[in-house]
Q: 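Dropping the structure in here first, questions after.
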Amino acid sequence: MEKFEKLQGVAAPMPLVNIDTDMIIPKVFLKSIKRTGFGANLFDEMRFNRDGTEIEDFVLNKPQYRDAEILVAGDNFGCGSSREHAPWAIADFGIKCVISTSFADIFFNNCFKNGILPIVLPQEQVDLLMADAEKGSNARMTVDLEAQEITTSEGDVVKFDVDAFKKHCLLNGLDDIGLTMEKKASIEAFEAQASASRPWV
Amino acid sequence: MTAPKTLYDKIWDAHVAHEADDGTCLLYIDRHLVHEVTSAQAFEGLRMTGRKVHAPDKTIAVPDHNVPTTQGREDPAQMTEESRIQVAALDTNAKEFGVHYYPVSDVRQGIVHIVGPEQGWTLPGMTVVCGDSHTATHGAFGALAHGIGTSEVEHVLATQTLIQQKSKNMKVEITGKLMPGVTAKDITMAVIGETGTGGGTGYVIEYCGSAIRDLSMEGRMTVCNMAIEGGARAGLIAPDETTYNYCKGRPHAPKGAQWDQAVAYWKTLFTDEGAHFDKVVTLKGEDIAPCVTWGTSPEDVLPITASVPAPESFEGGKVDAAKRALEYMGLEAGQKLTDIEIDTVFIGSCTNGRIEDMRAVAEIVKGKKIKDGIRAMIVPGSGLVRAQADEEGLSKIFEEAGFEWRLAGCSMCLAMNPDQLSENERCASTSNRNFEGRQGYKGRTHLVSPAMAAAAALTGRLTDVRDLI
């Protein structure tokens, strides 16, 4: 997995609440058996007309946001399906950080497995960052995972929380499976005990 | 004496294989269900790293999302090239990694969340995961069940564990009794209407109360299925005689002395008196009416007797979301819900594709005809549900009323197969999500119970089923 340390980039504002996984990547694009290439269809039905032309006023089609690396979004971002195609599409597009007042649980976990940092902040701080994002490409935010700080284009600093283990994995680009396999003895001991106490499982 | 525990606490504690100093746990997974859309990349990951499936005996695969539901679906021409590749990948992976498998040609094939319980794979007290958010369904058995992403699918395949932090406890109590015409689907929709789609975020919900106890296993599965629509990691219902009776005799349920041992254990699976819940929601069963959604989020729920709300009646970001939803849905504020005309009825999905749902529809439409011009489709949740409905004479009732009686699969719930809405086509649907584009590009979804969907099919508009019973 790619490491996430510090990011300086354009933030795109998407204030809509309840942006769901069907919006992020409609199911017609879930049929690939690869992990890459989904970025072209990120937010497909909001971003493109049926004939494939761009919908001009969609935020990521505006010249100042085409290279956005950060998304500042409305509440309950990523609700709906467990499809990891949603973070795959976000990462493939080039977005590495999403900021909102809350995220759906499965989406939130999926982000960390794909080098994306989801940040939860209180409403007033999201409002501040949303206003900064609305300034366009001249307003570049900095997200520093090590320091757990976001710095706006105006120099305002917003601190954020992140789970220590998830932070460690993101900073170092660690593969969860490898880490878990180091605990094989614990897993086998659990299995031995469970098959004695609950043999029907 | 140990502190009183919730049902969730008990199942969690019984599955922690390792706990790190910071509280991050390795949770052992008893059953891993797998379908074709979210597993191909995970199996590929195993192949690339030379890893095996740790517990193939606890891994059950079935194709459901892409499969056509029309007769003659063995003909590959019925699927798009990409769907064919995805289903073929599951065929190959199941064989190569040696997991239990129900291919399209097997009568037991169906929606993964219907097949699991039907075959007795899902049992009380288990941990169950699947690369699908509606894994919450299995919580009806008092199993801790939730959806995971593909990276986590790979993690479970390789290690039979998940890296987890414990959620908080939430209690949803439905007191009293349901009124005639009100069903499990209305309970779960009414709860989401109350809490919002983010109301359960960070929680595992335990549903309890007399109206929940009175539900069959089918109804309980419907309630837990949509826990995820309320944002919860999982929904749970403590097992009881109804649960044991459902499980008994199923192909993979324990037998003989092990059955007795299992039941003795299952009887310990309840929330202790005085256990702490971080959040409590209580609804009176008698207050719940047949529900319908008007917007594009499952929280956009109202009783069928209500009218389409004005966006200005909401607060914050929901005002703009509601405006967008009304425009998408082609509705006006103030319009009575029962005046909304529909084009299509879809009955099925992991929410409402079980035998009890089929019976509920048959009860409403028996001896009647659906309204001229309405497209109405019933898709059983599994080949065995289909067979049972045939045996009970239900399919004859459906066909005589004018319904299409399909083969098992996810179908128009998420429209990955050819069953889709066209632009602006309006559907009364027993599925679980009314998101923009969910049932087809620009398709318009109103979520309802099977009885309400059946009523809508007869009248051609959203209808209060209580007027027909």
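To find a chain, count down the sequence lines: A is the first, B the second, and so on, and within it residues start at 1. Hydrogens, waters and symmetry mates play no part in the numbers below; they use all other heavy atoms, side chains included.
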Q: Are Arg83(A) and Asp132(B) side-chain neighbours, meaning at least one heavy-atom pair lies under 4.5 Å?
A: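 Side-chain contact under 4.5 Å: no.
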Q: Do you know the tightest heavy-atom contact between Arg198(A) and Ala14(B)?
A: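 Minimum heavy-atom separation between Arg198(A) and Ala14(B): NH2-O, 4.2 Å.
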Q: Please report the shortest heavy-atom distance between Ser197(A) and Gln261(B), naming the atom on each side.
A: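 Here Ser197(A) and Gln261(B) meet closest at O-NE2, 3.9 Å.
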Q: Mind checking the CG-CD spacing from Asp163(A) to Gln165(B)? Nearest 0.5 Å is all I need.
A: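 That separation rounds to 4.5 Å.
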Q: State the CH2-CE distance between Trp200(A) and Met126(B), to the nearest 0.5 angstrom.
A: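 Trp200(A) CH2 to Met126(B) CE: 9.0 Å, rounded to 0.5 Å.
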Q: Any side-chain to backbone donor/acceptor pair from Lys31(A) onto Met416(B)? Under 3.5 Å, distance only.
A: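 Yes.
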Q: Near Lys255(B) NZ, under 6.0 Å, is it more than 12 heavy atoms from other residues, nucleotides or ligands?
A: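 Counting other residues, nucleotides and ligands, NZ of Lys255(B) exceeds 12 neighbours.
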Q: Indicate yes or no: at least one non-hydrogen side-chain atom of His146(B) is less than 4.5 angstrom from one of Asp105(A).
A: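 No - every pair of side-chain heavy atoms lies 4.5 Å or more apart.
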Q: Which atoms of Ile228(B) are under 4.5 Å from chain A, going by heavy atoms: the side chain, the backbone, both sets, or neither?
A: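 Contact with chain A involves the side chain of Ile228(B) alone.
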Q: For the pair Tyr441(B) and Glu45(A), evaluate side-chain hydrogen bond (donor to acceptor under 3.5 Å, both in side chains) and give the outcome as yes or no after the intermediate values.
A: CA-CA 8 Å; Tyr441(B) 182 76; Glu45(A) 289 178 9; over 6 Å; no
Q: Which side-chain N or O atoms in residues 179-189 of chain A pair as donor and acceptor under 3.5 Å with protein atoms at least two apart or in another chain?
A:
| from | atom 1 | to | atom 2 | distance (Å) |
| --- | --- | --- | --- | --- |
| Thr180(A) | OG1 | Asp176(A) | O | 3.2 |
| Thr180(A) | OG1 | His155(B) | NE2 | 2.6 |

Q: Between Lys318(B) and Asp75(A), is there a side-chain N and carboxylate O pair less than 4.0 Å apart?
A: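 Salt bridge absent between Lys318(B) and Asp75(A).
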Q: Any salt bridge linking Arg51(B) with Asp175(A)? Criterion: basic side-chain nitrogen under 4.0 Å from a carboxylate oxygen.
A: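 Looking at Asp175(A) together with Arg51(B), the answer is yes, because their closest N to O distance falls below 4.0 Å.
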Q: Taking non-hydrogen atoms and a cut-off under 4.5 angstrom, which of residues 89-104 of chain A neighbour chain B?
A: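 Under the 4.5 Å heavy-atom cut-off, Phe103(A) qualify.
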Q: Passes side chain to side chain contact (heavy atoms under 4.5 Å, CB included), Ser133(B) versus Ile106(A)? Steps please.
A: CA-CA 8 Å; Ser133(B) 54; Ile106(A) 306 176; 4.0 Å; yes
Q: For each of Thr201(B), Thr24(B), Asp30(B), Thr38(B), tally heavy-atom pairs with chain A at distances under 4.5 Å, and name the one with the top tally.
A: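 Winner by heavy-atom pair count: Asp30(B).
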Q: Considering only heavy atoms and a distance below 4.5 Å, find which of Arg324(B), Glu152(B), Gln86(B), Lys58(B) pairs most often with chain A.
A: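 Answer, by heavy-atom pair count under 4.5 Å with chain A: Gln86(B).
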Q: To the nearest 0.5 Å, tell me how far Ile19(A) CD1 sits from Glu436(B) CD.
A: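 The distance works out to 10.0 Å.
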Q: Taking every heavy-atom pair that is under 4.5 Å apart, which of Gly437(B), Gly316(B), Gly202(B) has the most such pairs with chain A?
A: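 It is Gly437(B).
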Q: So for Val153(B), is it side chain, backbone, both, or neither that comes closer than 4.5 Å to the heavy atoms of chain A?
A: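 Contact with chain A involves no heavy atom of Val153(B) at all.
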Q: Look at Gln123(A), His85(A), Glu191(A) and state which one has the largest set of heavy-atom pairs under 4.5 Å with chain B.
A: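 With the most close heavy-atom pairs to chain B, the winner is Glu191(A).
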Q: Short question: side chain of Arg31(B), backbone of Val201(A) - any donor-acceptor pair under 3.5 Å?
A: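 Checking the backbone N and O of Val201(A) against the side chain of Arg31(B), a donor-acceptor pair under 3.5 Å is found.
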Q: Please identify, among Gln160(B), His54(B), Gln258(B), Gln420(B), the residue contributing the most non-hydrogen atom pairs under 4.5 Å to chain A.
A: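 Ranked by heavy-atom pairs under 4.5 Å with chain A, first place is Gln258(B).
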Q: Below 4.5 Å, heavy-atom pairs only: which of Ser297(B), Ser83(B), Ala89(B) has the largest tally toward chain A?
A: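 Highest number of pairs under 4.5 Å: Ser83(B).
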Q: Heavy-atom pairs under 4.5 Å with chain B: which of Asp20(A), Asn110(A), Asn114(A) has the most?
A: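 Result: the option with the highest number of such pairs is Asp20(A).
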Q: Among Ala253(B), Ala262(B), Ala158(B), Gly198(B), which residue has the highest count of heavy-atom pairs closer than 4.5 Å to chain A?
A: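 Of the candidates given, the most pairs with chain A belong to Ala262(B).
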Q: Can you check side chain to side chain contact (heavy atoms under 4.5 Å, CB included) on Glu84(A) and Ser151(B), steps first, answer last?
A: CA-CA 8 Å; Glu84(A) 199 158 319; Ser151(B) 294; 2.4 Å; yes
Q: Does atom CD (Glu2(A)) have a neighbourhood of more than 12 heavy atoms from anything else shown, all under 6.0 Å?
A: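 No, CD of Glu2(A) has 12 or fewer neighbouring heavy atoms, counting only those of other groups under 6.0 Å.
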Q: If you count heavy-atom pairs within less than 4.5 Å of chain B, which of Gln193(A), Lys34(A), Met23(A) leads?
A: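 The residue among Gln193(A), Lys34(A), Met23(A) with the greatest pair count is Lys34(A).
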Q: Does one side chain, of Asn76(A) or Thr197(B), offer a donor that lies under 3.5 Å from an acceptor on the other?
A: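 Short answer, yes.
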Q: Enter the distance from Thr150(B):OG1 to Lys113(A):NZ here, rounded to the nearest 0.5 Å.
A: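 Between Thr150(B) OG1 and Lys113(A) NZ, I get 12.0 Å after rounding to 0.5 Å.
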Q: Quick check on the interface: out of Phe107(A), Trp88(A), Phe108(A), who has the most heavy-atom pairs with chain B under 4.5 Å?
A: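 With the most close heavy-atom pairs to chain B, the winner is Trp88(A).
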Q: Does Asp161(A) CG have over 12 foreign heavy atoms under 6.0 Å away?
A: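 Counting neighbours around CG of Asp161(A), 12 or fewer heavy atoms of other residues, nucleotides or ligands fall under 6.0 Å, so no.
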Q: With chain B as the partner chain, list the residues of residues 50-70 of chain A whose heavy atoms fall under 4.5 Å from it, by residue number, and write 'none' if nothing qualifies.
A: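 Those residues of residues 50-70 of chain A which have a heavy atom under 4.5 Å from chain B are Arg50(A).
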Q: How close do Ala321(B) and Leu16(A) get, counting heavy atoms only, and between which atoms?
A: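 Scanning both residues completely, I find the closest heavy atoms to be CA-CD1, 4.0 Å.
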Q: Do you know the tightest heavy-atom contact between Lys27(A) and Ala415(B)?
A: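 Heavy atoms only, the tightest pair is CE-O, 3.8 Å.
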Q: Select one option (side chain, backbone, both, neither) describing which atoms of Thr161(B) are under 4.5 Å from chain A's heavy atoms.
A: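 Thr161(B) touches chain A through side-chain heavy atoms alone.
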Q: Return yes if some donor-acceptor pair links the side-chain N/O of Arg433(B) with the main-chain N/O of Gly80(A) below 3.5 Å, else return no.
A: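 Answer holds: yes.
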Q: To the nearest 0.5 Å, how far apart are SG in Cys169(A) and CD1 in Ile163(B)?
A: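 Output value for this atom pair is 6.5 Å.
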Q: Measuring only between side-chain heavy atoms, which start at C-beta, is Leu30(A) closer than 4.5 Å to Glu82(B)?
A: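 The answer is no, as the side chains (C-beta and beyond) never meet within the 4.5 Å cut-off.
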Q: Kindly assign one of parallel, tilted or perpendicular to the pair Phe190(A) and His15(B), based on the angle between their ring planes and the thresholds 30° and 60°.
A: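 Plane angle between 30° and 60°, so tilted.
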Q: Counting only non-hydrogen atoms closer than 4.5 Å, does Asn432(B) touch chain A with its backbone (N, CA, C, O), its side chain (CB onward), both, or neither?
A: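 When you check distances to chain A, no heavy atom of Asn432(B) falls under 4.5 Å.
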Q: Chain A contacts: which residues in residues 40-50 of chain B have a non-hydrogen atom closer than 4.5 Å to it?
A: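 So the qualifying residues are Ala40(B), Gln41(B), Ala42(B).
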Q: Inspect the contact between Glu154(B) and Arg35(A) and indicate whether a charged nitrogen and a carboxylate oxygen are less than 4.0 angstrom apart.
A: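 Result for this pair is yes, salt bridge flagged.
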Q: Could you check which of Pro87(A), Pro15(A), Ser82(A), Ala86(A) has the highest count of heavy-atom pairs closer than 4.5 Å to chain B?
A: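 Option with the greatest count: Ser82(A).
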Q: Name the region of Gln439(B), side chain, backbone, both or neither, that has any atom closer than 4.5 Å to a heavy atom of chain A.
A: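 For Gln439(B), the backbone is the part near chain A, not the side chain.
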Q: Would you mind checking which part of Thr80(B) comes under 4.5 Å of any heavy atom in chain A, side chain (CB onward), backbone (N, CA, C, O), both or neither?
A: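 It is the side chain, since no backbone atom gets that close.
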